[in-house]
Amino acid sequence: MDPNSGMMDLTTAAIPSLLTARQKTELLQAMLDFMITNGYKDAAEALKKDASIQPDPKAKGMLEKKWASIVRMQKKIMELEAENKTLKENESERGRPDYSKDTLPRAPAKQALRGHRDDITAVRFHPLYDLVASTSEDATTRIWDFETGQVEKTLKGHTGAVRDVDFHPKGDVMATCSNDLTIKLWDPKTGSCVKTLHGHDHTVSSVRFLPSGDFLVSASRDKTIKVWEIATGYCTQTMKGHEKWVRRLAVSHDGAFVASAGSDHTVHVWDMKTFKSMTLFSMHENVVEDVAFATPEASKTIYRSLQLAAASAASGGAVTDIPEAASAQIPLYVASCGRDKSIRIFEASNGNLVMQFNDHDNWVRSVGFHPDGRHLVSVSDDRSIKVWGLKEQRCIRTLSDAHSGFVQCMDFNSRNPHLATGGAGDHTINIWACR
C-alpha cells in the first residue's frame, strides 16, 4: 500500500509472487486494455501511472479470452466430476460379480496384447480400472487397457529385465522390480518413476504391497525378503530363511502372513508381526515357482471338501452334506507350484499337505485361486491353462495351446472377471473372459 496515495502498489503486492516478470507484464497489459475498452478511464490512467505501462495492441481482448477459457475449464471440471460420480454409483450398484454362474476362463482369448520385445515375466490387474500391467525381459513395463487392447503407458527406467509388478491397493502407485537390483515406484497415471529403492544384492524377483498400503515386501536372488516403508523408501526388516533364490511372494488377504517360494524346493510362511518363518513346507521335489494364499471363500471350500471326504471314508459311503463349520475352525491354506510339475495345497499354520494335483506335463509356472472361491487356476510350460475344482479335487477344464510358447504368469481381475496370462516365446499377454 502506498502511504501517500492510499492506493495498492500494483507492481508488487497485487501481483501474485508465483508469476514471472513476463506474466506480470502480460496481466497488467490485459487489465489496462479491459479498462480502456470498457470506459474506465480514471482507473486506466491510474494503472498506467502506478505500473509504468502503456497500451499494447497485442493485449487486445486478452483478459476476456483468458476469462472465457477459465469458465470453460470450470464447466468441464464440473462435467467430469458428475461423470465420475455416476461411474462410482454404477460400480456400487453393480457390486461384486455373480460367481454363482460359470465365471471360468474360456477360449478363445478375448484380447492378445502385443508390443513387448521379449518374454513376459508378470501380469497384474489394476484394482479399480480396466487396466493390466505387464513386465518383460525387455526391461520395460507396459500398462494396457485390456478392454480395447491399447497400450496406455510404456515405462522405462530399469536397466535389466523387469521381474514383477504390483499395484498399491488404492491403485495410485505401482511397484516393479528388476535384474538391476532395484525396486521402482511409479505413478501409473503419468508413467513417471517417483522413487527407487536400493538394498538387495542380486536380482529382485518379486514385489507385493501389504493390504494397508504402507509397506511393500520384496524377494531376491540374494536369498532374502525385505520389508519397505512406502513413505520413506527405507528398508525396515530383512527376513532370512531360504538357502537359495527366493522367486515369488504372496500376501494373505489380511496382511498377517507372507508366503515365499524358493529355488531350494521350499515354501516359507512368515508371520508379519514377528517377521519370523512360522511354517516350512518342503514337499516339492524341485524349484518352487509360485505361491498363493487361498481366499477366505476358497479356504472354506477346501475345508468342507476335506471334511466330506473324511466323513465318507468313515461311513464307508458317499456323504454329501455336513454341518457348516464356524469361521474360526477353518484353517488358512496355501497353494504352491513348481518344476516338479505339481501343485500342492497345504495348511499355512503347520505345513500339512491336504491336496495335490499332477496333471500338467511340464513345469507349473504360476497358480492362483479363482475369486469365486471354488476353483484354482494354474499355467504351465506345457502351454496350457488348467482349472481345478476344489470341491471335486480334480482338473475340470483345460485350455490347451493358450500361448504358442510357455505360459509363465497369470493374474485374476476379481472386479471385472478376466484372467490375464503372459507368454514366453510369443511375447504376448492374453486376456481371457470369465463369464
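Just so it is clear, the values below take in all heavy atoms, side chains as well, and ignore hydrogens, waters and symmetry mates.
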> Could you walk me through whether S305 and Q393 pass the side chain to side chain donor-acceptor pair (under 3.5 Å) check?
Replying inline: CA-CA 8 Å; S305 176; Q393 299 189 35; 2.8 Å; yes

>> Could you go through R374 and D372, starting from their C-alpha distance and side-chain angles, then the distance that decides it, and tell me whether this counts as salt bridge (charged side-chain N to carboxylate O under 4.0 Å, His left out)?
In response: CA-CA 6 Å; R374 301 192 303 273; D372 68 5; 3.7 Å; yes

> Side chains of V377 and V367: does their closest heavy-atom pair fall under 4.5 Å?
Replying inline: no

>> Using a 6.0 Å cut-off, check whether atom CD of E243 has over 12 heavy atoms from anything other than its own residue.
In response: no

>> Checking the side chain of E347 only, and the main-chain atoms of P331 only, is there a donor and an acceptor separated by less than 3.5 Å?
In response: no

> Is the number of heavy atoms from other residues, nucleotides or ligands within 6.0 Å of OH (Y129) greater than 12?
Replying inline: no

>> Run the salt bridge (Lys or Arg N to Asp or Glu O under 4.0 Å) test against R124 and tell me which residues pass, sequence neighbours left out.
In response: D166, D411

> For I345 and A335, which heavy atoms make the closest approach, and how far apart are they?
Replying inline: CG1-CB, 4.1 Å

>> Walk me through whether F346 and V269 qualify under side-chain contact (heavy atoms from CB on, under 4.5 Å).
In response: CA-CA 11 Å; F346 63 92; V269 179; 4.1 Å; yes

> Under 3.5 Å, is there a donor-acceptor pair between the side chain of D361 and the main chain of D382?
Replying inline: no

> Atom OG in S134, atom CD1 in I429: separation rounded to 0.5 Å?
Replying inline: 3.5 Å

> What residue among R339, R365, K341 forms salt bridge (Lys or Arg N to Asp or Glu O under 4.0 Å) with D381?
Replying inline: R365

>> Any side-chain to backbone donor/acceptor pair from D180 onto T159? Under 3.5 Å, distance only.
In response: yes

>> Rounded to the nearest 0.5 Å, what separates atom CD in E229 from atom CG in L216?
In response: 12.0 Å

>> Show the nearest heavy-atom pair for residues P127 and P169, with the distance to one decimal.
In response: CG-O, 3.6 Å

>> Less than 4.5 Å apart, side chain to side chain, heavy atoms only: is that true for H200 and T224?
In response: yes

> Does S252 reach the main-chain N or O of A256 with its side chain, forming a donor-acceptor pair under 3.5 Å?
Replying inline: yes

> Heavy-atom distance under 4.5 Å between the side chains of P296 and H253, does that happen here?
Replying inline: yes

> Under the 3.5 angstrom rule, does the side chain of T301 hit a backbone N or O of E297 as a donor-acceptor pair?
Replying inline: yes

> Judged by atom type as modelled, is there a donor-acceptor pair below 3.5 Å linking the side chain of Q29 to the main-chain atoms of E26?
Replying inline: no

>> Quick one about S380 and W363 (side-chain donor to acceptor, distance below 3.5 Å, no hydrogens or angles considered), yes or no?
In response: no

> Rounded to the nearest 0.5 Å, how far apart are OG of S260 and CD1 of I225?
Replying inline: 3.5 Å

>> For the backbone of G160 and the side chain of S178, can you confirm whether one donor and one acceptor N or O come within less than 3.5 Å of each other?
In response: yes

> Could you walk me through whether D119 and Q408 pass the side-chain contact (heavy atoms from CB on, under 4.5 Å) check?
Replying inline: CA-CA 9 Å; D119 295 348; Q408 296 209 122; 4.0 Å; yes

> Side-chain donor-acceptor pair under 3.5 Å between S205 and R221, yes or no?
Replying inline: no

>> Just by distance, no angles: are the side chains of H403 and T421 close enough, under 3.5 Å, to form a donor-acceptor pair?
In response: yes

> In Å and rounded to the nearest 0.5 Å, what is the SG to CZ distance from C177 to R163?
Replying inline: 9.0 Å

> Does the pair L210 and R208 meet the rule for a side-chain contact (heavy atoms from CB on, under 4.5 Å), with working shown?
Replying inline: CA-CA 6 Å; L210 297 185; R208 288 291 179 267; over 6 Å; no

> Which of parallel (below 30°), tilted (30 to 60°) and perpendicular (above 60°) describes H242 and W270?
Replying inline: tilted

> Is there a side-chain contact between F209 and V173, using heavy atoms and a 4.5 Å cut-off?
Replying inline: yes

> If you measure only the distance, is there a donor-acceptor pair under 3.5 Å linking the side chains of K226 and S218?
Replying inline: no

>> Under a plain distance cut-off of 3.5 Å, with no hydrogens placed, do E137 and N179 share a side-chain donor-acceptor pair?
In response: no

> How many angstroms lie between CE in M278 and NE2 in H268, if you round to the nearest 0.5 Å?
Replying inline: 12.5 Å

> For T398, does its backbone N or O pair with a side-chain atom of S384 as donor and acceptor, under 3.5 Å?
Replying inline: no

> Given the side-chain rings of F146 and H418, with only the six-membered ring counted for Trp, is the space between their centroids under 6.0 Å?
Replying inline: yes

> For atom NZ of K223, is the number of surrounding heavy atoms from other residues, nucleotides or ligands below 6.0 Å larger than 12?
Replying inline: no

>> For W186 and T176, which I'm curious about, is there any donor-acceptor pair between the side chains at under 3.5 Å?
In response: yes

> Checking side chain to side chain donor-acceptor pair (under 3.5 Å) for the pair H284/S336: CA distance, chi angles, key distance, verdict?
Replying inline: CA-CA 9 Å; H284 278 284; S336 57; 2.7 Å; yes

> Are any of the side-chain nitrogens in D359 or R394 under 4.0 Å away from the carboxylate oxygens of its partner?
Replying inline: no

> Can you tell me if H360 and S378 form a side-chain donor-acceptor pair at under 3.5 Å?
Replying inline: yes

> Given the rule in the side-chain contact (heavy atoms from CB on, under 4.5 Å) test, do W67 and K65 qualify, once you have shown the distances and angles that lead to the verdict?
Replying inline: CA-CA 5 Å; W67 185 257; K65 292 176 183 177; over 6 Å; no

>> Using side-chain heavy atoms (C-beta onward) and a distance below 4.5 Å, is K189 in contact with E152?
In response: no

>> What verdict does the side chain to side chain donor-acceptor pair (under 3.5 Å) test give for R344 and S342, after you've listed the backbone C-alpha separation in whole Å, the side-chain angles of each residue and the deciding distance to 0.1 Å?
In response: CA-CA 6 Å; R344 301 171 193 248; S342 76; 3.0 Å; yes

> Would you call V379 and C409 a side-chain contact if the rule is heavy atoms closer than 4.5 Å?
Replying inline: no

> How many angstroms lie between NE2 in H126 and CG in N413, if you round to the nearest 0.5 Å?
Replying inline: 10.5 Å

>> So, using salt bridge (Lys or Arg N to Asp or Glu O under 4.0 Å) as the criterion, who are the partners of R383 when residues are at least two apart?
In response: D401

> Going through the checks in order, is the salt bridge (charged side-chain N to carboxylate O under 4.0 Å, His left out) test met by D164 and R248?
Replying inline: CA-CA 9 Å; D164 199 10; R248 224 51 164 189; 3.5 Å; yes

> Would H370 and F412 satisfy ring-ring contact (aromatic ring centres under 6.0 Å, His included), going step by step from the backbone distance to the final call?
Replying inline: CA-CA 7 Å; H370 192 290; F412 266 111; 4.8 Å; yes

>> For a 4.5 angstrom cut-off between non-hydrogen side-chain atoms, does F34 reach M62?
In response: no

> Among D145, I143, V165, L113, which residue meets the side chain to side chain contact (heavy atoms under 4.5 Å, CB included) test with V132?
Replying inline: L113

>> When you measure from the side chain of T182 to the backbone of L197, do you find a donor-acceptor pair of N or O atoms at a distance under 3.5 Å?
In response: no

> Is the closest side-chain heavy-atom distance between T266 and V288 below 4.5 Å?
Replying inline: no

>> Tell me if a side-chain donor or acceptor on T140 pairs with a main-chain N or O of K156 at a distance below 3.5 Å.
In response: no

